[in-house]
Amino acid sequence: MIDPKAFRENPDRFRQGAAEKGAAIDFDRLLELDERRRSILTEMEAKRAEQNRLSKEVGPKMGQIKGKLKTAQGAEKAALEAELAELERKPHALKAHVATMEQELATVEPAWRDLLMTVPQPPAGDVPKGRGAEDNKELRRWSPSGFDPAKTFESQRGFKPKTHLELVRDLKLADFERGVKMAGTRHYVLTGMGMRLHQAVIRYALDFMADKRGFTPMSVPVIVREECMLGTGFFPFGREQAYHIEESKRGSGHDLYLTGTGEVGLMGLHADEILSEGDLPRKYCTASTCFRREAGASGKDTAGLYRIHQFDKVEQVVVCKADDAESRGWHKHMMESVEMILQSLGLPYRLLQCCTGDLGMKNEDMIDIECWMPGRGENGADGRPLGEWGETHSASRLNDYQCRRLNLRYRDADGKIHFAWALNNTVIASPRVLIPLLEMHQQQDGSVAIPEPLRVHCGGATHVR
RNA sequence: GGACAGGUGGCCGAGUGGCCGAAGGCGCUGGUUUGCUAAACCGGUAUACGGGUAAAAACCCGUAUCGCGGGUUCGAAUCCCGCCCUGUCCGCCA
């Protein structure tokens with residue numbers, strides 16, 4: 001959520017931000033609702049004040065009269081009743097007036113809030129302008145020595161690479177047929193070494209963050225209330241992406257939602273809290289199962305382990321002070337962790353600065369990390385894929401957008417309260433990362449070499465055969 | 001799932017219709033006293049929104065908030081209704 005005061009003072013900043021993100025928001029209506037809401041509030045509060053004052057002034061007297069009325073008779077009773085009616089006249093009128101204002105507010109306030117919730121976080125000033133993914137800018141790339149994605153796999157390794165689909169089939173790492181039998185399209189079963197590799201990358205990444213990067217590992221709920229989804233900014237726009245558990249239809253409890261990322265649980269931790277500045281930054285990581293309906297993606301990446309409904313991910317978040325330089329510093333730090341992990345796994349990758357049109361609602365800055373996947377992309381003359389970059393990570397800076405929605409604040413050294421700033425970044429997502437892992441490390445004999453850091457989690461095996 | 005008991009500030013806890021944004025205590029914090037520390041004493045100590053108000057700070061005024069929502073009332077932490085949540089015991093259970 002954006003700051004309503006900042007919006008009031010400088011609506012153009014948000015108009016421009018929304019335009020750059022390609023979001024159509026009715027800002028005129030928002031301004032109008034804001035104005036209307038404030039005038040109702042002002043008037044209503046004035047009436048309430050008078051009501052409170054009157055109540056204090058004449059209230060006790062009315063109480064007395066009512067007491068006397070119980071025993072009064074005849075003329076005395078009539079006089080008391082008249083006096084009471086006179087005393088009640090003003091409060092009654094006020095009450096009716098306040099009730100009217102309350103009714104008006106009850107229609108204006110939710111409309112105002114709903115619309116406000118849809119205004120996107122404006123992109124940071126240095127984010128390149130663009131319409132969509134095609135306008136993202138490559139920042140840099142890395143490859144292990146002896147491999148260059150610009151050249152063919154075959155020219156460097158001496159054989160044509162299999163796709164991950166072929167590798168998991170030949171090495172019996174996944175069983176798509178049975179996954180689909182049990183749960184439908186985009187479901188899978190990891191089998192044998194497939195499961196071990198999957199667990200290995202997750203465990204390696206979580207340990208790395210905890211041991212080498214000072215992030216506190218957490219286990220957080222993946223089944224959460226709607227407030228968590230709204231607070232983290234995945235709702236209202238992402239409703240169709242989340243699995244919905246309609247507990248309310250069973251007569252009790254709230255509805256619940258399956259989270260699409262551990263970010264929801266990690267950021268929800270401190271919702272509605274006021275941390276002290278000394279508690280910041282909070283650096284958390286989690287390994288969690290992620291659930292995505294992938295609505296609107298039908299026909300895209302239908303085969304294999306790329307786009308699936310359920311996967312596991314190690315996610316990192318930082319909650320820090322409201323400071324641009326600090327936010328940028330953590331952004332770099334988090335991406336550095338990812339680069340260290342990818343390099344240790346020998347996976348070529350590149351960093352893409354996302355343009356304004358590709359940022360999404362809640363980010364002011366986002367960098368995607370893509371790994372080279374030799375089995376993806378267009379087919380060459382031999383009918384085999386030429387290889388392609390595939391997104392495996394994404395690193396976002398959210399300014400105060402998320403913490404404002406979550407009501408996550410901190411008290412600074414002067415006792416002033418601020419909304420904290422948040423960042424999040426994939427550490428590793430599997431099985432998607434197994435695609436580059438298997439495809440890059442495949443050997444001519446059909447086996448796959450296991451990168452050294454994963455071997456300890458694979459029973460010491462050096463190869464998948 | 002069944003039966004009870006509860007939900008009040010950072011924490012504990014009092015409060016059965018107006019004097020209650022809320023006693024008392026703890027914690028935190030400023031000060032006084034004091035070789036140092038401890039103790040004692042005095043003071044301060046919620047948040048949001050709106051307004052004064054103009055760029056900000058400070059301050060002032062108002063309103064709201066005692067789990068959430070609604071109701072009764074001139075007036076609700078307090079009475080009524082619905083919901084949510086927590087605890088305990090029983091049942092079930094990885």
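Atoms considered below: every heavy atom in the structure, side chains included; atoms not considered: hydrogens, waters and symmetry mates. Numbered from 1 within each chain, the chains take letters A, B, ... in sequence-line order.
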With rounding to the closest Å, how many angstrom separate the [atom1] atoms on [N] and [M]?
N: B/U73; M: B/C80; atom1: C1'; answer: 12 Å
N: B/G9; M: B/A46; atom1: C1'; answer: 6 Å
N: B/C84; M: B/C74; atom1: C1'; answer: 32 Å
N: B/A58; M: B/C66; atom1: C1'; answer: 30 Å
N: B/U65; M: B/G21; atom1: P; answer: 10 Å
N: B/C85; M: B/U33; atom1: C1'; answer: 49 Å
N: B/C19; M: B/A57; atom1: P; answer: 34 Å

Of all the nucleotides listed ([options]), which has the minimum atom distance to the side chain of [X]?
X: A/Glu45; options: B/G62, B/G75, B/G51; answer: B/G62
X: A/Glu9; options: B/G50, B/U47, B/A56; answer: B/A56
X: A/Ser55; options: B/U47, B/G18, B/C49; answer: B/G18

Does [X] put a side-chain nitrogen or oxygen below 4.0 Å from OP1 or OP2 of [N]?
X: A/Arg409; N: B/A48; result: yes
X: A/Arg8; N: B/G50; result: yes
X: A/Arg411; N: B/G10; result: no
X: A/Lys56; N: B/C74; result: no

Check your understanding: Between A/Met44 and A/Pro4, which is nearer to the 5' end of RNA chain B once each is assigned its nearest nucleotide?
Key ->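 The answer here is A/Pro4.
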Check your understanding: Is the CG atom of A/Leu31 crowded by more than 12 outside heavy atoms at less than 6.0 Å?
Key ->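 Result for CG/A/Leu31: enclosed.
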Practice item. Give a yes or no on this: more than 12 heavy atoms of other residues, nucleotides or ligands lie within 6.0 Å of atom NZ of A/Lys56. Key: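 No, the 6.0 Å shell around NZ holds no more than 12 heavy atoms from other groups.
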Does [N] have a Watson-Crick or wobble mate here (both distances under 3.5 Å), and if so which one?
N: B/A3; result: B/U88
N: B/A76; result: none
N: B/U47; result: B/A64

Rounded to whole Å, please give me the gap between [atom1] in [X] and [atom2] in [N].
X: A/Leu408; N: B/U47; atom1: CG; atom2: C1'; answer: 15 Å
X: A/Glu277; N: B/G10; atom1: CD; atom2: P; answer: 19 Å
X: A/Asn407; N: B/A46; atom1: CG; atom2: P; answer: 17 Å
X: A/Ile417; N: B/C49; atom1: CD1; atom2: P; answer: 10 Å
X: A/Glu273; N: B/G10; atom1: CD; atom2: P; answer: 12 Å
X: A/Arg48; N: B/G75; atom1: CZ; atom2: C1'; answer: 13 Å
X: A/Asn52; N: B/C19; atom1: CG; atom2: P; answer: 10 Å
X: A/Lys5; N: B/G50; atom1: NZ; atom2: P; answer: 6 Å

**Study point:** Aromatic ring pairing A/His187/A/His309, orientation class (parallel under 30°, perpendicular over 60°, tilted between)
**Key:**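 Plane angle between 30° and 60°, so tilted.
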Exercise for review: Anything under 30° is parallel, anything over 60° is perpendicular, the rest tilted; go ahead and classify A/Phe215 against A/His333.
Suggested key: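 Ring orientation, 0 to 90° scale: parallel.
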Check your understanding: How is A/Arg37 classified with respect to the nucleic acid when contacts are heavy atoms under 4.0 Å: base, sugar-phosphate, or nothing?
Key ->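 If one applies the 4.0 Å heavy-atom cut-off, A/Arg37 turns out to touch the sugar-phosphate alone, with no base involved.
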Check your understanding: With sugar-phosphate meaning primed atoms plus P, OP1 and OP2, does A/Lys47 contact a base, only sugar-phosphate, or nothing at under 4.0 Å between heavy atoms?
Key ->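 No contact.
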Check your understanding: Which heavy atom of A/Ala287 sits nearest a heavy atom of A/Ile202, and at what distance?
Key ->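 Taking A/Ala287 first and A/Ile202 second, the nearest heavy atoms are CB-CG2, 3.8 Å.
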Practice item. For residues A/Ala205 and A/Ile428, report the shortest heavy-atom separation together with the two atoms involved. Key: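 That closest heavy-atom pairing would be CB-CG2, 3.6 Å.
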Exercise for review: With A/Arg432 as the cation and A/Tyr306 as the aromatic partner, state whether NZ or CZ is under 6.0 Å from the six-membered ring centre and within 45° of the axis.
Suggested key: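 Judged by the rule, A/Arg432 and A/Tyr306 form a cation-pi pair.
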